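What follows is a single structure, written as structure tokens, with notes after it.
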Amino acid sequence: MLDFPDQPFGALTRQDYDILGFMSGLEVHQQLLTNSKLFCRCPAGRRVTRVDAEVLRHMRPTLSELGEYDGTALMEFKTRKEIVYLLERRSVCTYEIDDTPPFEIDEEAVATAIEVALLFDLNLVSELHVMRKQYLDGSIPTGFQRTAMVGLAGTIPFRVPELGVDRVLRIRQLSLEEDSCREVSDVGHRITFRTDRLGMPLTEAVTEPDLVTPFELQAAARLLARVARTTGKVRRGAGAARQDVNVSVAGGRRVEIKGVHYHRRLPLLVHVEAFRQLNLLRVREALADRTLDPSVLAIPDRGLPWETSDLAADMGGVLRHTTHAPLREAITRGETAVAIKLPGFAGLLAHPTQPGRDFGHELAERVRVIACPVDPQFFADSDHRGPGPSEREWREVRRELRAAAEDAVVLVWVPRDDAATAAREVVLRAREAFDGVPAETRQANRDGTTGFERVLPGPDRMYPDTDTPPLPIADRVVAEVREHLPETPWARADRYLALGLSTRTAQQLAGAPWADLFDAVAPSGTAVAERVATAFAQRLPKYRRSGVPPEAHTAERVAPLVRALESGAIRLEATGRVLDQLAAAPTANVGSILDRYRAGPDDASRFELALASVAEAAQHMDGRSPGTLVRWGMGELMPAFLGRLDPALVQDRLTAALSAVASEGTR
Amino acid sequence: MSGTTDPYRGYRGPTRALMQRFDITVWCEVRARTTRGVFEGLLLPRSETSDELHLVLKLGVGYNVGIRHDTVLELERIGYREAHYKIPEKEFPFDPTHPRVKLFGTGGTIASRLDYRTGAVIPAFSPGELYGSVPELADICNLETEKLFGVFSENMGPEQYLILAERIGEAIRAGYDGIVVGHGTDTMHHTAAALSFMVQRPPVPVIMVGSQRSSDRPSSDAAQNLINATWTAAHGPIAEVLVCMFGPTSDRYNLLHRGTRVRKMHSSYRSTFRTLGDIPAAMVEDGIITPLKDDLLPRRADREVLVQATYEERVTLTYYYPGMHPDVIDALVDRGYKGIVIAGTGLGHVNRKIYPALQRARDAGVQMYMTLQTLWGFVQMHVYETGREILGLGVIPLANMLPEVAFIKLGWALGLHPDDPAAAQRVMTTTIADEMTDREPHDGYLIYQGGVPEIREFLGKVWR
């Protein structure tokens with residue numbers, strides 16, 4: 001597998017992804033359409049930019065219930081961030097900023113979560129236990145997210161005709177949790193968050209890692225969103241649904257890409273991640289070929305690495321006058337420049353990982369996130385040409401570190417207090433190269449690449465919320481929700497198939513926002529139904545984009561058209577045109593629009609006259625091919641008879657009339 | 001704790017029967033086949049205050065869920081994994097150049113861990129545990145700890161005050177450079193008042209500290225409070241009984257409040273402790289103590305301290321309300337109460353209806369003192385006729401002494417002079433630790449009102 005060539009996105013087949021051992025799964029976070037936030041009575045769904053006050057906090061790791069510090073928690077603590085929360089009076093109260101314990105859980109949210117869990121066919125728990133899931137990145141002022149498991153282990157039909165997919169999708173779990181803050185900025189040791197979104201209820205649906213191509217992943221994300229939306233009780237719009245994606249390839253490790261807002265961005269992201277993992281495995285292989293092992297990268301946990309380890313050296317003196325301006329300026333500012341030797345790594349830092357990135361970036365990102373350098377340029381390594389110290393300076397650095405030709409050298413410059421952390425992180429990340437792919441959480445970039453965010457948290461970061469009592473979910477409540485369950489997209493698709501729609505039309509309609517309109521106008525007869533469904537799909541999204549008000553196509557306005565189609569009073573070909581007319585005149589009388597297309601008693605005689613006049617005009621159009629003439633003639637005739645006469649018949653008559661004219665001309 | 005070895009910890013009735021039927025105990029990994037599907041996880045002890053109808057499983061993904069007993073068709077044991085929750089305990093490093101600090105524990109949540117029995121947080125306390133969770137302490141002092149009680153704040157009372165005062169006295173005489181008292185926050189100001197009277201003129205700081213957010217959470221105020229309190233005790237120049245808690249709700253600085261002027265003012269805010277009727281004694285942040293008042297008692301090298309640990313429990317604090325009937329006072333007299341602190345309205349008033357009861361109490365030798373529900377301001381009973389009448393009934397005004405402080409002081413004064421009412425009265429009306437002040441500074445009463453433009457401007461500029 002390691003010799004599988006790097007391929008651009010779109011060039012791979014399903015079999016290729018099989019060879020890679022590509023696996024992915026989704027975590028879909030969907031905000032619920034409640035009036036209040038989950039644990040306080042602040043209004044949900046206010047998005048603000050106004051700031052009335054700010055609060056400053058820090059986070060410290062704590063122990064989980066089973067007695068271990070969580071790896072992520074420790075990492076975040078190393079970053080020693082100042083966390084600033086921006087507060088706006090109307091969207092946030094003392095609960096969100098952790099100055100008041102939680103109020104009772106929002107019942108509306110619980111009911112919706114149960115409803116979604118039932119739609120996902122999950123095994124419902126009997127009692128909700130609110131847990132605290134630690135997040136020390138500051139995105140939640142308490143340092144944890146309150147979250148409760150609602151249901152586990154369900155399956156839903158997964159049919160995507162265009163991908164040849166027809167199986168079930170396994171849903172691992174659904175939890176109900178509070179949303180986090182929106183990040184405003186993250187500079188050096190200060191990260192700033194807005195709190196308007198904080199505490200809003202959302203469900204997190206997690207699939208099993210059964211999605212074996214990037215496109216399946218995208219289709220599954222769409223399906224999950226659709227299922228949630230059938231309740232009519234979830235939020236829509238920017239940021240209302242966000243997905244985390246778990247990806248791995250054979251021999252790799254689960255990597256989580258966080259907070260992807262758009263389904264269309266998913267496939268490229270996971271494709272790039274698959275190859276990043278493949279490349280990290282190649283780096284591992286290269287290390288093995290060089291018969292290196294992690295012991296070459298031992299560094300003491302405490303003290304200053306450049307005093308306690310041969311792998312690091314303080315370069316502030318040697319490089320004081322370096323030609324590399326960012327480094328020189330940093331040293332002048334009093335920052336510490338540390339060089340780190342990575343024995344046997346020469347050349348590997350330039351090993352590509354993602355488009356435009358290499359293994360050196362992996363080290364740099366760790367330092368950026370964990371040691372919080374002030375300067376955007378804080379890193380250079382010996383595998384790179386381009387900006388950095390000169391050849392001569394590199395040689396001096398190597399001499400200082402007693403680095404051999406086969407060793408790679410990294411230089412970082414950060415504020416003094418962060419230098420030890422920075423040096424240690426470089427070594428730690430390099431050591432992880434022996435493992436191949438570190439389990440981590442990554443942030444999605446616009447270009448499809450990802451950047452390190454944090455070490456992937458384990459179950460250790462979960463402990464019970466002592467502020468909230470368990471909440472029983474009685475059979476009676478479940479029965480009530482079950483009784484009013486909305487129709488699922490797959491049940492809907494089945495119903496449309498039974499109506500005689502083609503598989504593709506049925507699947508598409510079942511997931512479409514206009515499915516309700518379709519049901520309300522209830523076309524009968526396969527041909528009419530197929531035509532209406534197709535016309536909706538072709539036209540309604542376009543109307544929405546061009547600003548046509550939804551009132552133009554209410555069921556009341558569209559139904560008379562459908563009835564006329566069913567009775568044959570208007571022929572099917574006019575369907576699209578009538579919808580256009582309704583769009584063009586959203587308040588016009590529907591009857592008068594329909595009358596333009598309704599068959600009338602004098603249609604036949606009017607047609608004869610029109611045909612004669614077209615034939616007459618054709619006589620003066622010399623030199624055109626018969627085909628051109630027919631197309632021209634149809635354009636002249638059809639608008640007046642759309643919906644009234646069969647276009648095939650019109651064409652036949654026109655063709656005959658034109659050839660009669662032509663033969664007359666010859667004579 | 002008796003229940004720790006119970007294999008069915010916290011389970012009663014039907015859930016306990018179910019566990020017995022399938023031979024399952026807590027800490028078993030189980031597969032539960034139920035009418036709602038199959039669930040797998042670690043069977044956790046159940047909080048005793050929760051119902052007896054649900055089993056608690058910890059799933060592999062870390063979540064806990066409840067399984068109702070009557071949905072269970074079968075429980076299968078697939079493993080056993082007992083969890084031991086433990087703060088990583090490391091030996092507290094000794095540095096001969098650091099001051100010696102004694103930390104007395106009374107309970108509360110200064111350092112804590114989760115208790116499965118109640119689902120609540122219980123304290124963890126040894127120097128090693130503290131060092132494991134707040135390693136910064138080792139850079140401040142050589143810390144020794146002693147757990148005196150394991151009670152929550154609301155269960156602290158006279159019995160504990162006496163022990164605490166004696167032990168602080170002993171620690172001072174034993175040469176500690178500072179004392180820290182870890183305490184639950186609810187009644188911290190009562191204990192602070194008690195210590196202010198019982199431990200007079202200590203040569204070193206006596207610092208009370210607690211936390212409003214338990215230390216089992218990442219956003220806890222416990223670590224900052226403990227660091228600042230320990231710093232103040234070890235290095236601070238103020239030899240008084242002080243409460244050291246968050247100044248603003250932001251993680252910025254702590255305030256040091258005099259033990260007799262401090263009060264918990266919000267049920268849950270971090271910045272709940274405020275000095276009333278005066279300004280706080282000092283601020284402390286990052287190893288820097290900034291005095292705010294200019295009459296602070298300085299640290300001394302001697303080991304002299306006046307400890308007067310005594311208390312008369314038959315005193316009470318009565319919060320007057322309109323329409324109060326005299327029998328409320330009568331009942332106290334009949335039950336043998338020796339002293340009553342009244343929290344009166346306005347400048348120190350009660351209604352006429354209870355005059356006969358006050359008269360009866362005075363005649364029975366019950367000492368009565370007037371304090372204010374307004375908390376800020378002075379009792380001034382000469383302004384209105386009502387006040388003058390009440391004075392005539394033998395009720396003694398206590399200036400701007402806070403009601404809770406007056407209550408604690410009265411118990412202490414009557415304890416000091418059980419058979420000498422005049423002496424007790426002299427103690428009550430003589431200021432010992434700033435419990436009454438001669439004057440109220442212009443900034444001793446600041447309750448900002450949100451929404452007002454000038455305050456909005458202030459809040460826009462300052463991390464409050």
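Note that this is a predicted model, so its numbers are computed, not measured. All chains are named by letter (A, B, ...) in the order of the sequence lines, taking the proteins before the strands, and each is independently numbered beginning at 1.
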Check this for me: [X], atom [atom1], are more than 12 non-hydrogen atoms of other residues, nucleotides or ligands nearer than 6.0 Å?
X      : atom1 : value
B:E76  : CD    : yes
A:R482 : CZ    : no
B:R12  : CZ    : yes
B:E154 : CD    : yes

Taking the side chain as C-beta and beyond, is there a heavy-atom pair between [X] and [Y] under 4.5 Å?
X      : Y      : answer
A:D467 : B:R217 : yes
B:S219 : A:P141 : no
B:R270 : A:R57  : yes
A:E127 : B:L53  : no
B:R213 : A:D99  : yes

Does B:H266 form a side chain to side chain contact (heavy atoms under 4.5 Å, CB included) with A:T100? I'd like the steps, not just the answer.
CA-CA 9 Å; B:H266 193 281; A:T100 291; 4.3 Å; yes

Given that the side chain runs from C-beta out, which part of [X] has a heavy atom under 4.5 Å from chain B: side chain, backbone, both or neither?
X      : result
A:P469 : neither
A:I140 : neither
A:V84  : side chain
A:D475 : both
A:V51  : neither
A:D52  : backbone
A:L87  : side chain

Less than 4.5 Å to any heavy atom of chain A: does that hold for the side chain of [X], its backbone, both, or neither?
X      : result
B:V462 : backbone
B:D51  : side chain
B:T71  : side chain

Chain A shares the most heavy-atom pairs under 4.5 Å, among B:T34, B:V56, B:L55, with B:V56

From the list B:K461, B:R456, B:E457, the residue making the most non-hydrogen contacts under 4.5 Å with chain A is B:R456

Member of A:V125, A:L122, A:L152, A:V478 meeting the side-chain contact (heavy atoms from CB on, under 4.5 Å) criterion with B:R36
A:V478

State the [atom1]-[atom2] distance between [X] and [Y], to the nearest 0.5 angstrom.
X      : Y      : atom1 : atom2 : result
B:N64  : A:L128 : CG    : CG    : 12.0 Å
A:I83  : B:S250 : CD1   : OG    : 11.5 Å
B:S220 : A:M59  : OG    : CE    : 11.0 Å
B:L59  : A:R172 : CG    : CZ    : 11.5 Å
B:L57  : A:M149 : CG    : CE    : 11.5 Å
B:K58  : A:H129 : NZ    : NE2   : 11.0 Å

Identify the heavy atoms of [X] and [Y] that sit nearest to each other, and give their distance.
X      : Y      : value
B:R68  : A:S126 : N-OG, 2.8 Å
A:G143 : B:P218 : O-CG, 3.4 Å
A:I97  : B:Y269 : CD1-OH, 4.3 Å

Given A:T94, A:T147, A:D98, A:V55, the one with more heavy-atom pairs under 4.5 angstrom with chain B than any other is A:D98

